[in-house]
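Each chain gets a letter, A, B and so on, in the order the sequences are listed, and its residues count up from 1. If you're wondering where the values come from, they're calculated on a predicted model, not measured in any experiment.
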2 protein chains.
Amino acid sequence: MSTTTARDRLVGAAQDLFATQGVGATSPRAVLAASGVGQGSLYHHFPTKHDLAVAAVGATVDDALAQAMRSLGTDAPAIERLVAYLERPRDALAGCKVGRHTSDQAVMDDEGLRDVLDAYFVRLLGVLTAIFRETGLPADVARDRAHAALAIIQGGYVLARATQDPGALTAAVRGFVGLLTTQEKNT
Amino acid sequence: MSTTTARDRLVGAAQDLFATQGVGATSPRAVLAASGVGQGSLYHHFPTKHDLAVAAVGATVDDALAQAMRSLGTDAPAIERLVAYLERPRDALAGCKVGRHTSDQAVMDDEGLRDVLDAYFVRLLGVLTAIFRETGLPADVARDRAHAALAIIQGGYVLARATQDPGALTAAVRGFVGLLTTQEKNT
DNA sequence: GTCTATAACTTGATAGAC
DNA sequence: GTCTATCAAGTTATAGAC
């Protein structure tokens with residue numbers, strides 16, 4: 001019974017458009033056109049663009065967290081989980097569906113949307129820090145490495161888009177994983 | 001004779017607004033208001049928004065490259081130059097004035113602007129790769145580490161903005177520098 | 001719940017006086 | 001070179017019929 005409701009189609013279309021164009025650059029009209037519903041339906045389910053954005057970005061964050069946990073939440077050794085997460089295939093040229101919103105004024109001017117982004121990164125940083133701690137690192141060092149690991153991914157996306165080369169993300173990951181694993185051997 | 005011309009004031013105002021709001025979210029009218037010149041002057045010097053954006057983003061890239069070279073172009077040992085660059089004080093919550101444009105549709109849809117971004121990162125990656133090579137690394141490893149170093153900065157900005165915490169950037173840098181320098185000791 | 005029509009405003013750009 | 005006035009198109013949102 002996967003009868004796609006108007007609401008679901010609106011959220012799905014908004015997720016796609018926000019991921020490719022950003023929230024500020026996507027008009028409610030574009031979401032309407034992509035979803036195939038009428039103008040009144042949009043404003044019935046989501047009285048303002050803010051409401052639509054919270055629903056769509058929230059759904060995207062939930063998807064992204066679930067996907068991250070597929071690498072991080074296994075029962076493999078800590079280092080292997082970290083490397084699996086870092087090396088997971090990503091659509092580098094598309095950019096991070098979540099991280100890209102940090103430079104979108106329409107998102108950063110909206111407290112509700114900022115909170116959604118904050119929750120995503122705080123959550124991921126918590127999980128990564130815990131895994132680095134499993135490797136025997138003290139809390140502050142584990143936290144710094146978690147930040148570094150996440151920055152590699154987010155920054156790798158930026159480099160890939162700027163140079164129009166997906167290899168820039170994988171190069172950044174290789175550079176970081178190389179340091180991580182050599183470090184491991186020597187400790 | 002630093003008589004500020006209308007053109008200079010337009011470019012300066014555009015640089016500020018593009019850095020804080022992005023190109024797509026900044027209207028020519030906003031640039032007019034901030035610069036204090038009249039509407040006709042803008043369209044006299046810059047017939048289209050594209051022309052203004054190329055001038056302003058180009059100027060910002062030149063500034064950023066010059067600033068990077070103040071850390072990277074000294075005669076200090078290679079590792080010290082790299083650490084100096086990574087640890088340079090940055091306005092983390094403001095985001096990278098260059099990197100943020102990779103998620104701005106108005107920029108990425110414009111070939112001229114994409115080229116400006118590309119040139120900035122290709123240039124920085126080249127300089128960083130050369131410095132990593134000075135430390136005795138083979139070319140491919142040096143290139144990967146250069147990508148990682150730049151990704152740490154760009155990703156650190158993203159984390160800092162998402163969590164509204166400037167400490168996220170410095171934590172990412174600490175995590176990476178920690179790995180780099182421990183690595184150094186063991187090699 | 002869904003639709004069409006349209007309001008009120010902003011956008012990027014042009015016209016033409018000075 | 002610089003100005004004000006204005007345009008056509010697009011933006012977010014509302015009105016009111018079905």
Round to the nearest Å and state the distance from B:D110 atom CG to C:dG12 atom C1'. 14 Å

Taking only residues two or more places apart in sequence or in another chain, which ones pass side-chain contact (heavy atoms from CB on, under 4.5 Å) with A:T20? none

Using salt bridge (charged side-chain N to carboxylate O under 4.0 Å, His left out) as the criterion, list what pairs up with B:R174, not counting sequence neighbours. A:D144

Sugar-phosphate atoms are those with a prime plus P, OP1 and OP2; base atoms are the rest. Using that split, label each nucleotide of nucleotides 2-18 of chain D B, S or - for protein heavy atoms under 4.0 Å, 5' to 3'. BBBB-----BBBB----

Residues forming a salt bridge (charged side-chain N to carboxylate O under 4.0 Å, His left out) with B:R143, sequence neighbours excluded: none

Contacts of type side-chain contact (heavy atoms from CB on, under 4.5 Å), residue A:A119, not counting sequence neighbours: none

Quick one: list whatever passes side-chain contact (heavy atoms from CB on, under 4.5 Å) with A:A146, sequence neighbours left out. A:L125, A:L128, A:T129, A:F132

